[in-house]
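One structure is given below, encoded as structure tokens.
Not measured: the values here are computed from a predicted model. Both ligands and their constituent atoms are indexed starting at 1 by order of listing. When a residue number appears, it is its place in the shown sequence, counting from 1.
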Amino acid sequence: MEAYIYDSVRTPRGIGKPSGSLSQVSPVQLSTTLLEALKSRNNLDTLLVEDIIMGCVTQAGEQGGNIAKVAAQESGYGNHVSAMSLNRYCASGLEAVNQAAAMVKSGWSNLIIAGGVESMSRVPMGIDGSAWVMEPNAAFGKFVPQGISADLIATKYGYTRNDLDSFAVRSQQRASYAQKHKYFENSIIPVKDINGFTLLQQDEYIRENTSLETLGNLKPAFQQMGDLLFDQTAIDTYLEIEKIQHVHHAGNASGIVDGAALMLIGNKEIGLKLGLKPRAKITMGAVIGSEPLIMLEGPTPATKKALKNAGMQVNDIDIFEINEAFAVVPLRLMDNLNIDPSIVNVNGGAIALGHPLGATGCMILGTALDELERQNKNIALATLCVGGGMGIATIIERI
Ligand SMILES: CC(C)(COP(=O)(O)OP(=O)(O)OC[C@H]1O[C@@H](n2cnc3c(N)ncnc32)[C@H](O)[C@@H]1OP(=O)(O)O)[C@@H](O)C(=O)NCCC(=O)NCCS
């Protein structure tokens, strides 16, 4: 059985600070905005929706306790809809899509909504505590924060600050161009307040005027914590490294933002019943585990695994979305697998647009789908590095 994407929607990404346009909107409201949009855009008989799976990383406070079920109830889908929230760190939104696809492909479900949500302004990253840092045996001498891991990768493989900043400038230029030319409009659902007043209708984190000069003024973000606490742990583990070069900063790391994304995923029969045309099939999904201290090297083995299991090669992929958690992550994958940069993150990435942790995986897959349609191409692969040393990849093909 095949799993088809029938629709894909997302909120704009709001700056994840109290000044951001979505900071007054609860994560449940972000989610219901999209559930309502899926209902109205597709004239969806919600009685046929069986499950809602939503990635969410910081599951505390108003994002805790299975936000997907609360959103399902609040959007009037009906009591029959089951729902769950899951956490595979930054892969959560894509993991939700992959799980939905697997359930549809296996025949366990006919129609599922999957994606994710994260309000980083209201529920800050890390506020839920973490076994990585709170379990003494797991933490001591073994754990470093992701920014240190990113700097470690850059040091180990010789990526300079100029390499990273050049990539960041390109992300900003591509995102600005895509926004100006309305490439995101097919998927973006404006977020409104309770009076129907529009709070945000396009991504607000982009900085169009970013240049190598403006980035050159930014201080390394992880130098201080590295000097004080973590560099020695990294050096003790990677003995070939004498000193960590701290090359990531606010302008070449992913932005802290708020947002949500969802996809409507089902089999062929349900599409016929609902009168919906499939936009793409979900061909393959893969997850892998990798060394947890350097942590962010997962996209290479995850991409290889997804390609191998799909019987494909890098050359079969028309569009890559590689999450820009830190600039070194996509650079490393492109170099490892010899991927042409001109087909990677063609509309920018999380450096320019932001990375709403639990939503991003679904968002970038949706961006890839929109771009396949715009370019009239066929196959896309989305991949993310994942906290704790993991990687995820998903391949879609247009029908
Ligand atoms: C890197 C990081 C710590 C920076 O956070 P921050 O200091 O709150 O970032 P800000 O947005 O306030 O930017 C800091 C400064 O850089 C400036 N800046 C940011 N992007 C810029 C750009 N593209 N061009 C010029 N200046 C820029 C800001 O204006 C700000 O300047 P100010 O201090 O004079 O106001 C944060 O973005 C981060 O942690 N990112 C990674 C998130 C993460 O780990 N996600 C999971 C990864 S898998």
Check your understanding: Does at least one non-hydrogen atom of L384 fall below 4.0 angstrom from an atom of ligand 1?
Key -> no
Point to revise | Numbering as shown, the atoms of ligand 1 that approach L357 to under 4.0 Å (heavy-atom distance) | key: 45 (N), 46 (C)
Check your understanding: How does N217 reach ligand 1, by side chain, by backbone, by both or by neither, if only non-hydrogen atoms under 4.0 Å count?
Key -> neither
Study note, to complete from the structure: dist T394:OG1 -> L365:CG (nearest 0.5 Å) comes out at 6.0 Å
Exercise for review: Answer yes or no for atom 12 (O) of ligand 1: protein heavy atom present at a distance under 4.0 Å?
Suggested key: yes
Check your understanding: In terms of residue, atom name and distance, what is the protein heavy atom nearest to atom 17 (C) of ligand 1?
Key -> L218 CD2, 3.7 Å
Exercise for review: Return a yes/no value: protein heavy atom under 4.0 Å from atom 37 (O) of ligand 1?
Suggested key: yes
Review point. Any Lys/Arg nitrogen of R279 or D370 sitting under 4.0 Å from an Asp/Glu carboxylate oxygen of the other?
Key: yes
Point to revise | From L357 atom CG to Q63 atom CD, the distance as rounded to the nearest 0.5 Å | key: 9.0 Å
Revision key, fill the gap. Per-atom filter on ligand 1: closer than 4.0 angstrom to a heavy atom of A325 are 47 (C), 48 (S)
Check your understanding: Backbone N or O of R10 within a donor-acceptor pair of the S187 side chain at under 3.5 Å?
Key -> no
Revision key, fill the gap. In this structure, atom 7 (O) of ligand 1 is nearest to the protein heavy atom A250 CB, 4.6 Å
Practice item. Identify the protein heavy atom lying closest to atom 39 (O) of ligand 1, giving its residue, its atom name and the separation to 0.1 Å. Key: I256 CD1, 4.1 Å
Review point. What is the nearest protein non-hydrogen atom to atom 47 (C) of ligand 1, stated with its residue, atom name and distance?
Key: Q146 OE1, 2.9 Å
Check your understanding: Among I241, V328, I244, which residue meets the side chain to side chain contact (heavy atoms under 4.5 Å, CB included) test with K156?
Key -> I241
Review point. Do T210 and ligand 1 have an N or O pair less than 3.5 Å apart?
Key: yes
**Study point:** Heavy atom of protein closer than 4.0 angstrom to atom 2 (C) of ligand 1
**Key:** no
**Study point:** Donor-acceptor contact below 3.5 Å, side chain S82 vs main chain E50
**Key:** yes
Exercise for review: Kindly work out whether a path of hydrophobic side-chain contacts (I/L/V/M/F/W/Y, heavy atoms less than 4.5 Å apart) joins L353 to L331.
Suggested key: no
Exercise for review: Mark the output for K17 as yes if a heavy-atom distance to ligand 1 is under 4.0 Å, and as no if none is.
Suggested key: yes
Check your understanding: Is the shortest heavy-atom distance from the side chain of T46 to the side chain of K39 under 4.5 Å?
Key -> yes
Check your understanding: Is atom 26 (N) of ligand 1 close to the protein, meaning a heavy atom under 4.0 Å from it?
Key -> yes
Study note, to complete from the structure: re atom 30 (C) of ligand 1, the protein heavy-atom contact at minimum distance is R207 NH2, 4.6 Å
**Study point:** Element-labelled atoms of ligand 1 that are located less than 4.0 Å from some non-hydrogen atom of L215
**Key:** 22 (C), 23 (N), 24 (N)
**Study point:** Sub-4.0 Å heavy-atom approach of F326 to ligand 1
**Key:** yes
Exercise for review: Answer yes or no: is there a donor N or O on one side and an acceptor on the other, between the side chain of Q223 and the main chain of H246, under 3.5 Å?
Suggested key: no
**Study point:** Subset of ligand 1 atoms that lie under 4.0 Å from at least one heavy atom of Q172
**Key:** 23 (N)
Review point. Do any non-hydrogen protein atoms sit less than 4.0 Å from atom 22 (C) of ligand 1?
Key: yes
Check your understanding: Does the protein put a heavy atom under 4.0 Å from atom 32 (P) of ligand 1?
Key -> no
Check your understanding: Of P145, S254, G354, which has the heavy atom at the shortest distance from atom 42 (C) of ligand 1?
Key -> S254
Point to revise | Atoms in ligand 1 flagged as close to C90, the criterion being non-hydrogen separation under 4.0 Å | key: 46 (C), 48 (S)
Review point. Which class fits the ring pair H181 and Y177: parallel under 30°, tilted 30 to 60°, perpendicular over 60°?
Key: parallel
Check your understanding: Between L274 and D45, is any pair of side-chain heavy atoms under 4.5 Å apart?
Key -> yes
Exercise for review: Hey, could you give me the CG/CD distance between N347 and E371, rounded to the nearest 0.5 Å?
Suggested key: 4.5 Å
Point to revise | Check: E321/T367 side-chain N/O donor and acceptor closer than 3.5 Å | key: no
